[in-house]
**Student:** 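Sharing a structure, written as structure tokens. Questions coming.
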Amino acid sequence: MRRGPQKFIFSFDTTTMTRFGGLVLFRQFCKSLDLRHFVQLYVRWPNYAHRSYHPADLFLAHVFAIVAGIGRIENTQSLTHNGLLPPLLGLPDFPHRDTLRTFLWRFDTRSLRSLQSAHDKLRAEFFRRLSLLYSAIVDADTTTLITYGSQEGVAVGYIPKRRHGQPSYAPIISSEGRSGLSLGMDLRAGNVHASKEAWAFLQSILNKLPSSIASSRTRVRLDGAFYNKEIIDPLDQERLGYVVVAKMTRPLRKKMVAARYEQFARGWEAAEFTYTPFHWNAEHRFVAVRRPVALETDEIQQRLFTFKRYTYHRVLVTNLELTAPAVWRFYCNRACQELLLREFKDSYAMAKIPTRSFSANAAYMEILLWAYDLVLGFQSLCLPKQVQHWNISTLRRELWWLPAEWVKRGNRNYLRLPARYPQQELFRKIQSVTSRVQPLI
């Protein structure tokens with residue numbers, strides 16, 4: 001093996017190097033949207049006086065730190081010596097971590113609602129640009145964010161597959177099923193059941209949809225945590241299509257086992273029947289799916305309801321005029337919501353609770369949704385179709401985590417990138433598209 005360099009002379013004298021060279025693409029996208037002007041115009045920021053930073057600058061610093069994959073706010077200290085991100089944001093240097101955290105502490109209910117209202121305007125524009133004007137699928141789910149230390153508003157609740165004595169938050173999150181665009185989030189204590197005040201949350205989400213989408217063209221998919229009369233009845237009254245996982249009570253199991261099943265795929269059988277749950281006012285249509293025991297593993301048989309020769313996977317309550325197999329397939333597409341929650345926790349560091357204040361944590365979650373929707377807009381509006389499926393982890397690896405050096409010669413800015421970078425053609429193509437994105441206002 002050939003010997004590499006043996007001796008080095010170290011010097012710390014450059015101030016223009018970065019490992020986030022590809023973020024110039026995301027920054028160009030935000031600049032073309034005129035995002036800074038947009039949030040300055042529509043957000044009533046909390047009372048915050050700082051000599052060096054406008055609240056919009058601190059908001060964008062949070063967004064870029066989330067998009068870059070920095071993780072906890074403490075880790076933003078690594079950006080103070082970054083040679084590119086502060087100039088990209090138009091700042092003399094990157095804000096200190098205490099400055100970023102103090103900015104969150106200043107948020108109260110009024111300023112948080114203002115930030116959410118501006119986000120709704122951004123969503124409305126993305127709905128138009130993504131051509132989501134005539135039908136929509138609303139998915140909602142809850143997740144658990146385990147906390148450590150003394151956070152405000154946490155409580156000990158049910159944590160699937162984990163220890164149950166740990167305090168946590170249990171936010172409820174909604175998204176549009178086809179595009180993945182977020183529709184809202186409500187941060188709640190860990191002991192609050194998903195169905196509690198869920199209809200009020202869903203109603204606020206439905207009001208965010210474009211007025212061109214009729215209720216008859218809106219469908220709602222929910223898991224078993226939302227199986228409740230107080231949710232199903234309003235959905236019926238509003239003439240909204242829905243598919244909700246039902247709880248397998250003993251009377252429902254009897255109806256499910258006695259139903260007549262027909263095979264719709266190899267090893268899969270579906271049946272439909274009507275049933276009036278206890279305390280409900282009318283009959284509803286239910287769809288059940290089962291598989292032979294011989295095709296299931298022991299683990300699945302123990303986890304699901306098994307009776308005689310069949311394992312019953314789910315029973316769904318619905319008002320959609322679809323065949324039983326079509327209802328099942330429509331609900332199975334809700335798996336994207338589960339992947340979204342996983343991406344929020346892993347790639348967007350949702351589980352890294354930043355402060356002890358409930359309102360500050362709620363503001364941080366809203367900023368996280370801003371970052372997610374902006375990345376989604378970047379994917380849909382700027383990436384070629386063959387790579388639009390890239391998630392944020394792939395975007396970081398292939399585009400954004402790119403070593404670079406910023407060189408300024410006269411009035412021109414040069415970004416020196418690796419000569420053997422394999423995505424050069426894609427990089428140039430995306431850069432050309434981002435510069436042509438229309439502003440929000």
Side-chain angles (χ1 to χ4, degrees), residues 20 22-43 45 55-71 76 79 84-85 88-91 100 103-104 112 114-132 173-176 179-185 208 340 343-344 346-350 363-384 387-401 430-431 433-441:
F20 301 110
L23 275 181
V24 295
L25 299 176
F26 183 71
R27 182 261 184 184
Q28 180 61 47
F29 172 69
C30 296
K31 185 176 184 296
S32 297
L33 289 176
D34 204 3
L35 182 62
R36 191 179 191 278
H37 184 205
F38 179 83
V39 295
Q40 280 182 313
L41 183 64
Y42 289 113
V43 179
W45 299 104
D57 295 327
L58 298 175
F59 167 79
L60 291 175
H62 273 290
V63 169
F64 271 75
I66 293 171
V67 169
I70 299 301
T76 58
L79 300 179
L84 182 64
L85 278 188
L88 281 182
L89 297 174
L91 304 176
L100 293 173
F103 171 68
L104 296 176
L112 177 58
S114 177
L115 186 62
Q116 293 171 338
S117 177
H119 196 173
D120 292 339
K121 292 181 173 63
L122 176 71
R123 290 188 183 102
E125 183 62 23
F126 279 170
F127 265 106
R128 184 185 67 82
R129 299 192 186 191
L130 299 178
S131 300
L132 301 171
I173 305 171
S174 178
S175 65
E176 204 283 322
S179 66
L181 192 69
S182 79
L183 296 176
M185 176 190 295
K208 297 178 182 181
L340 174 61
E343 187 173 16
F344 275 143
D346 297 341
S347 300
Y348 287 88
M350 174 185 283
Y364 182 75
M365 297 299 171
E366 182 62 27
I367 295 174
L368 187 146
L369 290 188
W370 274 84
Y372 168 78
D373 284 336
L374 288 169
V375 170
L376 183 68
F378 175 82
Q379 291 173 272
S380 303
L381 301 176
C382 301
L383 296 185
V387 296
Q388 282 186 359
H389 64 279
W390 284 0
N391 58 18
I392 191 171
S393 298
T394 307
L395 287 172
R396 288 169 181 163
R397 184 179 66 250
E398 299 293 336
L399 289 176
W400 294 342
W401 289 349
I430 296 174
Q431 193 277 332
V433 174
T434 56
S435 62
R436 299 196 300 268
V437 173
Q438 296 297 315
L440 294 171
I441 51 177

**Student:** About how many Å separate OH of Y42 and OG of S114, when rounded to the nearest 0.5 Å?
**Tutor:** 11.5 Å
**Student:** Looking at side-chain heavy atoms only, is the closest gap between F127 and K208 below 4.5 Å?
**Tutor:** no
**Student:** Just to verify, what does T434 make a side-chain hydrogen bond (donor to acceptor under 3.5 Å, both in side chains) with, not counting sequence neighbours?
**Tutor:** none
**Student:** OG of S435 to CG of L25: how many Å apart, nearest 0.5 Å?
**Tutor:** 10.5 Å
**Student:** With the side chain counted from C-beta on, respond yes when L374 and L33 share a heavy-atom pair under 4.5 Å apart, and no when they do not.
**Tutor:** yes
**Student:** Could you tell me which non-hydrogen atom of Q388 sits nearest to which non-hydrogen atom of L383, and how far apart they are?
**Tutor:** NE2-O, 3.1 Å
**Student:** Look only at the side chain of W401 and the backbone of A68, and say whether a donor-acceptor pair between them is shorter than 3.5 Å.
**Tutor:** yes
**Student:** What's the spacing between L181 CG and L130 CG if we round to 0.5 Å?
**Tutor:** 6.5 Å
**Student:** By side-chain hydrogen bond (donor to acceptor under 3.5 Å, both in side chains), which residues pair with Q116, not counting sequence neighbours?
**Tutor:** none
**Student:** Under the side-chain contact (heavy atoms from CB on, under 4.5 Å) rule, what do F20 and L79 come out as? Steps first, then yes or no, please.
**Tutor:** CA-CA 10 Å; F20 301 110; L79 300 179; 3.6 Å; yes
**Student:** Find the distance between CG (L376) and CG (L381) and round it off to the nearest 0.5 Å.
**Tutor:** 8.5 Å
**Student:** L84 versus L23: any side-chain heavy-atom pair under 4.5 Å?
**Tutor:** no
**Student:** Would you sort out whether K121 and I441 count as a side-chain contact (heavy atoms from CB on, under 4.5 Å), showing the intermediate values?
**Tutor:** CA-CA 10 Å; K121 292 181 173 63; I441 51 177; over 6 Å; no
**Student:** Closest approach of A56 and R36, non-hydrogen atoms and distance?
**Tutor:** CB-CG, 4.3 Å
**Student:** Could you tell me if the side chain of F64 sits less than 4.5 Å from the side chain of I70, heavy atoms only?
**Tutor:** no
**Student:** For a quick test of reading the model, state the closest non-hydrogen atom pair linking Y364 to H62 and the distance between them.
**Tutor:** CE1-ND1, 4.2 Å
**Student:** Are the side chains of L395 and F26 in touch, meaning some heavy atoms are under 4.5 Å apart?
**Tutor:** no
**Student:** Supply the atom-to-atom distance L35 CG to C30 SG, rounded to the nearest 0.5 angstrom.
**Tutor:** 5.0 Å
**Student:** Would you mind reporting whether S117 and V43 have side-chain heavy atoms less than 4.5 Å apart?
**Tutor:** no
**Student:** Go through the steps for E398 and V387 under the test side-chain contact (heavy atoms from CB on, under 4.5 Å), then give the verdict.
**Tutor:** CA-CA 11 Å; E398 299 293 336; V387 296; over 6 Å; no
**Student:** Over all heavy atoms of both residues, which pair between A61 and L89 is shortest? Give the atoms and the distance, please.
**Tutor:** CA-CD1, 4.1 Å
**Student:** Pairing donors with acceptors under 3.5 angstrom, does anything connect the side chains of S32 and Q28?
**Tutor:** yes
**Student:** Regarding T394 and N391, is there a side-chain donor-to-acceptor distance under 3.5 Å anywhere?
**Tutor:** yes
**Student:** Kindly give the heavy-atom pair with the smallest separation between V433 and C382, and that separation in Å.
**Tutor:** CG1-CA, 3.7 Å
**Student:** How long is the span from the CE atom in M365 to the OH atom in Y372, to the nearest 0.5 Å?
**Tutor:** 16.0 Å
**Student:** Between R129 and L440, is there a side-chain heavy-atom distance shorter than 4.5 Å?
**Tutor:** yes
**Student:** Any side-chain heavy atom of R27 sitting closer than 4.5 Å to one from V67?
**Tutor:** no
**Student:** Is there a side-chain contact (heavy atoms from CB on, under 4.5 Å) between E343 and S393 once you walk through the steps?
**Tutor:** CA-CA 9 Å; E343 187 173 16; S393 298; 5.8 Å; no
**Student:** For W370 and F59, take the angle between the two ring planes, folded into 0 to 90°, and tell me which bin it lands in: parallel under 30, tilted 30 to 60, perpendicular over 60.
**Tutor:** perpendicular
**Student:** Which residues pass the salt bridge (charged side-chain N to carboxylate O under 4.0 Å, His left out) test with E176, not counting sequence neighbours?
**Tutor:** R178
**Student:** For Y348 and I66, which heavy atoms make the closest approach, and how far apart are they?
**Tutor:** CD2-CG2, 3.7 Å
